[in-house]
Amino acid sequence: MGIKRDKYLNDLINRMHNGMIKVVTGIRRCGKSYLLFRIFKGYLIEQGVLESHIISIELDQRKDKKYRDPDTILDYIESRISDEEQYYILLDEVQMLGEFEEVLNSLLHIQNADIYVTGSNSKFLSKDVITEFRGRGDEIHVYPLTFKEFMQVYDGDLYHGWAQYMVYGGLPLTVTMKTEEQKILYLTKLFDETYLKDIIERHRIEKAQELEDLVHILASAIGSPTNVPKIEATFKSVIQSDISANTIRQYIEYLEDAFVINKANRYNVKGRKYIGTPVKYYFEDVGLRNAKLGFRQIEETHIMENIIYNELRSRGYSVDVGIVEKRSTDSGGKSKRTQLEIDFVANLGSRRYYIQSAFRMPTEEKRLQEKAPLVQVNDFFKKIIIVKDIVTVTRDEMGITTMSIYDFLLKENSLEL
């Protein structure tokens with residue numbers, strides 16, 4: 001079953017021959033290798049590139065283990081380049097290569113080579129490569145399947161597809177699995193034996209249970225404001241652990257670097273400045289989040305919010321949590337200020353959208369509650385409320401658009417409806 005990842009293929013095509021290292025990052029098993037070694041390589045061959053001019057090395061495979069040595073891989077690549085025609089070098093999981101910065105720097109000096117690498121850790125790749133090569137590292141971040149990509153291969157209707165996606169997420173292999181037992185086992189083992197094991201081994205973590213406990217705390221509170229002191233208090237009161245704030249902060253950074261979680265900062269819309277803590281955390285894949293909780297906390301409201309956040313990120317938007325102040329007068333005539341929250345402020349270049357994830361708005365009171373933060377924003381950018389119910393896309397007298405989650409996720413230009 002072939003899964004099309006047209007957005008990422010186009011990202012690669014648009015960067016061909018740009019003199020930079022194309023760094024394809026993303027969480028393990030999100031489809032980076034499939035993108036590079038199946039989809040992109042297939043595209044090159046369709047364009048008439050000879051297979052002898054495509055040098056592919058999968059560094060996480062035992063057959064290519066010897067190439068983790070920097071001198072061995074350089075000797076091999078140089079031996080493969082035998083003429084002046086264009087060559088394409090594809091390296092998978094490059095963080096497993098010793099002294100990989102020096103190797104990539106050497107490859108950049110090959111005039112007729114176009115270089116593409118994948119990796120599963122941002123600190124080793126998107127940060128270090130871009131710093132090391134001073135603008136010559138070009139990152140393409142691959143996310144798990146969006147709901148639209150998922151539905152292209154899911155054998156079922158829209159509503160059953162949503163139910164599956166909400167529980168098991170968008171890692172490509174889960175779509176091909178026939179039973180719930182398969183999916184549960186796969187996601188559970190993947191989290192414990194791949195993601196957590198990678199972090200524990202890479203950072204030499206001795207107290208692995210504390211890392212696991214932290215993941216549980218974050219997974220239980222997706223979309224809820226939190227900070228390190230609050231998490232530290234939870235460890236002390238609920239888990240009876242004396243883990244330090246610095247260790248918590250470090251573990252969160254490890255989870256972010258491995259693309260397991262992402263952070264949304266709070267942004268004062270009227271003051272045009274970031275507030276700091278508390279922040280919100282979302283999981284890169286909701287299936288992994290659910291697996292870590294034993295599939296026991298399937299709160300559709302919070303998961304829908306996480307899916308909206310991931311969708312915006314996959315479309316290239318930076319995403320913050322918006323804060324606006326509402327001024328009013330109490331019964332005694334005294335002025336008071338109330339802070340209201342906008343779920344997402346999405347920015348891409350000159351575009352901005354204010355978005356509320358409302359799940360359902362069954363009453364007028366609920367509708368007014370969801371609209372309240374949006375009406376406090378007096379700029380001209382679009383304001384959107386996304387609900388679970390099937391509704392016709394409408395725009396009210398205050399300029400606020402309401403749309404279904406299905407319209408938002410499935411229509412390419414949904415933010416402009």
Side-chain angles (χ1 to χ4, degrees), residues 2-26 30-122 124-143 172 316:
I3 299 175
K4 293 183 179 180
R5 313 292 312 259
D6 290 343
K7 175 190 181 300
Y8 302 117
L9 174 59
N10 289 329
D11 286 341
L12 290 171
I13 293 170
N14 291 334
R15 289 166 169 80
M16 289 176 67
H17 314 131
N18 66 358
M20 303 172 77
I21 296 170
K22 275 64 73 174
V23 184
V24 182
T25 62
C30 72
K32 302 185 303 296
S33 303
Y34 184 86
L35 170 67
L36 201 58
F37 287 82
R38 290 282 298 277
I39 298 177
F40 184 62
K41 186 175 179 179
Y43 168 82
L44 292 176
I45 292 169
E46 285 177 3
Q47 299 305 304
V49 177
L50 299 174
E51 287 207 48
S52 61
H53 285 60
I54 303 172
I55 304 170
S56 305
I57 302 174
E58 299 175 82
L59 291 158
D60 63 337
Q61 299 295 314
R62 184 166 183 82
K63 66 180 178 61
D64 287 340
K65 185 177 179 180
K66 59 181 176 293
Y67 297 122
R68 296 177 193 173
D69 176 78
D71 295 319
T72 302
I73 194 171
L74 282 173
D75 288 343
Y76 172 70
I77 291 172
E78 288 173 5
S79 72
R80 288 282 307 272
I81 299 176
S82 58
D83 56 44
E84 299 301 316
E85 297 297 318
Q86 184 72 54
Y87 283 78
Y88 298 87
I89 301 172
L90 316 181
L91 307 180
D92 197 25
E93 299 295 357
V94 75
Q95 77 276 358
M96 302 182 78
L97 169 61
E99 301 173 15
F100 76 86
E101 297 100 327
E102 291 187 17
V103 172
L104 296 181
N105 200 23
S106 297
L107 295 178
L108 275 172
H109 289 87
I110 302 174
Q111 296 299 315
N112 59 331
D114 202 17
I115 306 159
Y116 301 79
V117 305
T118 79
S120 305
N121 184 278
S122 67
F124 284 119
L125 290 159
S126 60
K127 296 176 185 175
D128 286 357
V129 167
I130 289 170
T131 300
E132 178 75 20
F133 300 107
R134 296 179 178 83
R136 297 190 72 185
D138 196 351
E139 182 183 9
I140 300 162
H141 188 75
V142 176
Y143 290 85

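Computed from heavy atoms alone, side chains included, the values below leave out hydrogens, waters and symmetry copies.
- Looking at heavy atoms from C-beta onward, E93 lies out of side-chain contact with Q61 at the 4.5 angstrom threshold.
- Between L91 and T118 there is no side-chain heavy-atom pair separated by less than 4.5 Å.
- In this structure the side chain of L90 never reaches within 4.5 angstrom of the side chain of I57, judged on heavy atoms.
- Remark: N10 CG to Y43 OH distance equals 8.5 Å, nearest 0.5 Å.
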As a quick check of understanding, evaluate side chain to side chain contact (heavy atoms under 4.5 Å, CB included) for V142 and D11, giving each step before the final call.
CA-CA 10 Å; V142 176; D11 286 341; over 6 Å; no
Determine whether D138 and K22 satisfy the following criterion, salt bridge (charged side-chain N to carboxylate O under 4.0 Å, His left out), listing intermediate values before the conclusion.
CA-CA 5 Å; D138 196 351; K22 275 64 73 174; over 6 Å; no
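- For R5 against P172, the heavy-atom pair with the smallest separation is NH1-CG, 4.5 Å.
- Considering every non-hydrogen atom in both R68 and L97, the closest pair reads O-CD1, 3.3 Å.
- Enclosure of atom CZ in R38 is not indicated, since only 12 or fewer non-hydrogen atoms of other residues, nucleotides or ligands lie within 6.0 angstrom.
- In this structure the side chain of K41 reaches within 4.5 angstrom of the side chain of S56, judged on heavy atoms.
- With 3.5 Å as the limit, one finds no donor-acceptor pair spanning the side chains of Y8 and H141.
- For the side chain to side chain contact (heavy atoms under 4.5 Å, CB included) criterion with S52, the lone passing option out of L50, I54, I55 is L50.
- Considering only residues two or more places apart in sequence or on other chains, H109 meets the side chain to side chain donor-acceptor pair (under 3.5 Å) condition with none of them.
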Apply the test side chain to side chain contact (heavy atoms under 4.5 Å, CB included) to residues Y67 and M96: give CA-CA distance (whole Å), side-chain angles for both, the deciding distance (0.1 Å), then the verdict.
CA-CA 10 Å; Y67 297 122; M96 302 182 78; over 6 Å; no
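- Annotation for G98 and V103: closest pair O-CG2, 4.0 Å, computed over non-hydrogen atoms.
- Going from atom CZ of R80 over to atom CG of D75 covers 14.0 Å, rounded to the nearest 0.5 Å.
- For the residue pair Y116 and D114, a side-chain donor N or O sits within less than 3.5 Å of a side-chain acceptor on the partner.
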Pair N18-R15, side chain to side chain contact (heavy atoms under 4.5 Å, CB included): steps then yes or no:
CA-CA 6 Å; N18 66 358; R15 289 166 169 80; 3.7 Å; yes
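- Taking the six-membered ring where the residue is Trp, Y87 and H53 present parallel rings, their angle staying beneath 30° rather than reaching 60°.
- The CG atom of D64 lies 12.0 Å from the OG1 atom of T72; values are rounded to the nearest 0.5 Å.
- Closest of all the heavy-atom pairs between I3 and I39 is O-CD1, 3.6 Å.
- Note that NZ of K4 and CG of L35 are 14.5 Å apart. Values are rounded to the nearest 0.5 Å.
- Closest heavy-atom contact between P70 and E99: CG-OE1, 4.0 Å.
- Taking a 6.0 Å sphere around NZ of K66, one finds it holds more than 12 heavy atoms contributed by other residues, nucleotides or ligands.
- Under a cut-off of 6.0 angstrom, the local environment of CD in E51 is sparse, with at most 12 non-hydrogen atoms contributed by other residues, nucleotides or ligands.
- By the 4.5 Å heavy-atom criterion applied to side chains, D60 and Q95 are not counted as neighbours.
- With a 4.5 Å cut-off on side-chain heavy atoms, V49 and Q86 do not count as touching.
- You'll find the side chain of L36 stays beyond 4.5 Å of the side chain of D92, heavy atoms only.
- In this structure the side chain of I140 never reaches within 4.5 angstrom of the side chain of V23, judged on heavy atoms.
- With rounding to the nearest 0.5 angstrom, the CG atom of L59 is 9.5 Å from the NZ atom of K63.
- Distance check: E139 CD to M20 CE gives 11.0 Å after rounding to the nearest 0.5 Å.
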